[in-house]
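Worksheet: the structure to be examined is printed underneath.
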Amino acid sequence: MTWWAFSFKKTEAEKTILSPDGRTKCRFFLKNSRVFYEITKDNKPVIKKSRLDFEILGEEPIRDGLKLVRLRVLKHQEIIEMPWGEDRYLNNTYTEGVFYLAESTRAHRIYTIRFRVFDNAVAFRYEIPPQPKFSSIVIKNELTEFNIDLNSTAWQIPAYQPDRYEYNYEAKNLYDLENSVHTPLTIRTPNGFYLSLHEAALYNYGSMTIKLNHEKILTSDITPLSDGTKAHVTLPFQTPWRLIMIAGSAIELTTNRTMYCLNDPPTGDFSWVNTLKFIGIWWAMYVGEWTWAPGERHGATTAHAKEYIDAAVRLGIKGLLIEGWNEGWEGDWLENGVNNKFTVAAKDFDLPEVARYAAAREVEIVGHHETVGFIDNYENQLEEAYNYYATNNVHYIKTGYAGSMITVNGQKEYHHSQIGVNHYQKTVELAARKKICLDIHEPIKGTGIERTWPNLLTREGARGQEYEGGALRPSHACYLPYTRLLAGGMDYTNGIFDITNSVKRVSTTLARQVAYFVTIYSGMAMAADRPFMYEEKFPKLFEFIKMVPTNFEKTLPLLGEIGDYYVVARKDRKTPDWYIGGVTDENARRVHINLEFLDEGAIYKACLYLDSEDAHFRDNPHGINILEKHVGKSDTLDIYMAPGGGFAIRLAKIS
Ligand code: NOJ
Ligand code: CA
């Protein structure tokens, strides 16, 4: 690590920080007490001159003779090892510029802007140290601009909507952006860059959405609290990192891991954390066979749980999710969720007995807490609820926050506000103390905190397969790798084989359902259909689900375009085997996959799960070919994907 410090007292200053390879440049400037930055790559503009500013409630803007009093430049080079995920090793190499700013007249308020310039990203954050004038503040607004050419295309979902992040991605010209949109906000600029605006290490602050300001410049729009402010904080305080990922192609963008690099390493021992594949007492409720609520068709009974545990053992799957096990599902559960009990089981469900039965068969129970967003009701029971599971040997919990807003003491707040962010964090930290892993549905978006809290194995946070039956388009899963999945893994609830179910007709081919286990990474991966679909209907196809890992050594993005298709190869962490998955939108596509990433001289047995030539997500979703052949490094695979289809390949090294 090398660093330089410069001391000066300048009201006008300018300094460029170069990425390690020198191609990405971030220029900082201070002029007339205003702070700006600008980013170029290969001397082409990425972000034009953009303002950096924030407002404190009850305070004048910090602009009273603002000076750059000190600048510290540091070079950092590090390889990070992740305990689980898409890539074991991440390259955390950047040049950091820390700009210390202070007012020279009257108030003498101070703050710092810290930039990190990576080869493929720029990040910065505001840091506010304790100071004579105040020890706690209310952030009224953050005014961070991202001045990107408005002729760019953005793939966006709207913010502040009742279904949170669960919307279809739509391409829009930036000129036409009317409302605030969520991050990661992926953008293609006319000069050929693929960018994604996002944030990292979101703690104790409203999450950042993006909108066009009145000058038609993209600007941060921090999710407000019900009092209209953005965050109440004590000093020292630092905002989350504002992150701009930069790539030359859509497919290159998909493996930008800067978000994790910007998060701190874990502080405690997380060696007990293991990724998990699981089935669930779940889809049977979606297709109307069982119910969450007690009654004749109650899903979460002791008897059903035992049947599913036996099925998990036969299928070689390690985990079982049980939803609808507790008191609170009676009647309209969305309305009544205010009284949900997280330590009281339904009369026909005996958790200790189920837990014993599961433990004897080495099956992990995935518990479930549906809060319906009534955070106060949940927090009142939190310690007890996690203890109840922990003492029953339950090491995984899926949580949920259905409902258009969260409720705290009768007050409605956004899921993605400071209060929401702090609540989700509380659950992650409590779970860590109890050695429990989480899968959060209706979550706060991922900002890489899994690096610090590896027990946060996955989230939902986008439209998943629960929207099948009409509201999912084949293109949806072709947007995700370039948008939502830049924020980390997702519990998409893969592997629905009952495609033609009349209640929940699925908009994919059969082969595509196993492709998801490769194209949509999740530290907890659900095989979501009922066991008989795997054991009786399509046992050969299920083989792929059984074998595919949930923890990878490395990920190679191969081919794709946003919303059209995506092909990715991932190497297992424990074996020399590779897995390839691909998905296409409603258009058929042929892709050529060069296997040059395989080991020199080695032979692999390839099991291919492919759409048949006459497959079609609407007319012939079951058209599938399962083949085997031997391949090596010099081979190329020619793969056909049917409309709404996809494919999966397992490459097992045999010599
Ligand atoms: C929405 C979640 O996404 C889904 O997985 C869950 O089954 C329901 N809420 C009920 O909790
Ligand atoms: Ca959901």
Side-chain angles (χ1 to χ4, degrees), residues 157 161-168 182 276 278-294 297-300 304 308 319-342 346 349 366-375 377-378 385 396-406 415-416 420 424 427 438-446 457-472 476-477 480 484 487 489-496 503-504 506 516 520 522 524-530:
I157 50 168
Q161 299 298 311
D163 286 328
R164 307 152 305 264
Y165 304 118
E166 298 175 3
Y167 288 89
N168 286 325
H182 282 299
L276 184 76
F278 62 106
I279 57 172
I281 296 192
W282 189 71
W283 194 246
M285 277 87 100
Y286 276 89
V287 295
E289 290 168 2
W290 289 350
T291 58
W292 279 275
R297 289 183 297 120
H298 185 211
H304 288 157
Y308 268 50
L320 170 66
L321 164 71
I322 305 175
E323 289 201 13
W325 67 276
N326 61 319
E327 255 187 31
W329 293 93
E330 300 82 357
D332 183 341
W333 62 268
L334 280 170
E335 282 295 316
N336 303 339
V338 65
N339 296 319
N340 281 1
K341 302 272 187 301
F342 301 105
F349 183 74
V366 180
H368 186 234
H369 290 159
E370 175 52 75
T371 70
V372 198
F374 291 102
I375 291 210
N377 176 51
Y378 190 37
Y396 297 84
I397 303 178
K398 170 177 167 180
T399 59
Y401 298 82
S404 57
M405 300 286 275
I406 55 173
H415 285 68
H416 313 134
Y424 291 110
T427 66
L438 290 183
D439 168 2
I440 307 181
H441 278 233
E442 298 78 39
I444 182 67
K445 68 186 172 188
L457 280 175
T458 193
R459 308 179 161 77
E460 187 196 42
R463 205 167 261 214
Q465 292 216 93
E466 63 186 350
Y467 282 82
E468 286 291 7
L472 269 195
H476 183 62
L480 293 175
R484 157 67 183 81
M490 176 179 177
D491 181 13
Y492 193 66
T493 63
N494 311 323
I496 304 292
V503 180
K504 278 277 191 194
V506 172
Y516 285 153
I520 303 177
S522 187
M524 282 172 71
M526 187 174 195
D529 213 332
R530 296 139 299 163

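Positions are given from 1, in the same order as the sequence printed here. Whatever order the structure lists ligands and atoms in, that order sets their numbers, starting from 1.
Here's the thing with E166: none of its N/O atoms is less than 3.5 angstrom from an N/O atom of ligand 1.
With hydrogens and angles disregarded, no donor-acceptor distance shorter than 3.5 Å links the side chain of R459 to the backbone of A487. Side-chain N or O atoms of E330 include one that pairs as donor or acceptor with a backbone N or O of G328 at under 3.5 Å.
Among heteroatoms of the N, O or S kind in E442, OE2 lies nearest the Ca ion (ligand 2). Taking the Ca ion (ligand 2) as reference, E166 places its N/O/S atom OE2 nearest.
Note on ring orientation: taking the six-membered ring where Trp is involved, the planes of Y165 and H182 are perpendicular (angle over 60°, cut-offs 30° and 60°). Taking the six-membered ring where the residue is Trp, H368 and W329 present parallel rings, their angle staying beneath 30° rather than reaching 60°. Relative orientation of the Y286 and W283 rings is parallel, given thresholds of 30° and 60° on the angle between their planes.
Taking atom 1 (C) of ligand 1 as the reference point, the nearest protein heavy-atom neighbour is E442 OE2, 3.1 Å. The protein non-hydrogen atom at the shortest distance from atom 9 (N) of ligand 1 is E370 OE1, 3.4 Å. Considering only non-hydrogen protein atoms, atom 5 (O) of ligand 1 sits nearest to K398 NZ, 2.7 Å.
Ligand-side atoms of ligand 1 in range of E460: 3 (O), range being under 4.0 angstrom from any heavy atom. Of all atoms in ligand 1, listed by their number and element, those nearer than 4.0 Å to a heavy atom of W329 are 10 (C), 11 (O). Residue E323 has at least one heavy-atom neighbour below 4.0 Å for each of these atoms of ligand 1: 6 (C), 7 (O), 10 (C), 11 (O). If you number the atoms of ligand 1 from 1 as listed, the ones under 4.0 Å from a heavy atom of H368 come out as 11 (O). Close approach of ligand 1 to W292 (heavy-atom distance below 4.0 Å) involves ligand atoms 7 (O). Close approach of ligand 1 to E466 (heavy-atom distance below 4.0 Å) involves ligand atoms 1 (C), 2 (C), 3 (O), 4 (C), 5 (O).
Counting only heavy atoms from C-beta outward, the side chains of M526 and D439 never approach each other to under 4.5 Å. Looking only at side-chain heavy atoms (C-beta outward), F278 and D491 come within less than 4.5 Å of each other.
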For E370 and H441: C-alpha separation, side-chain torsions, deciding distance, then whether side chain to side chain contact (heavy atoms under 4.5 Å, CB included) applies.
CA-CA 9 Å; E370 175 52 75; H441 278 233; over 6 Å; no

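With the Ca ion (ligand 2) as the vertex, atom OE2 of E460 and atom OE2 of E466 span an angle of 70° (nearest 10 degrees).
Here Y286 has side-chain heavy atoms under 4.0 Å from ligand 1, and that is the only part of it that gets that close.
A donor and an acceptor atom, one from each side chain of Y401 and H415, are nowhere located under 3.5 Å apart.
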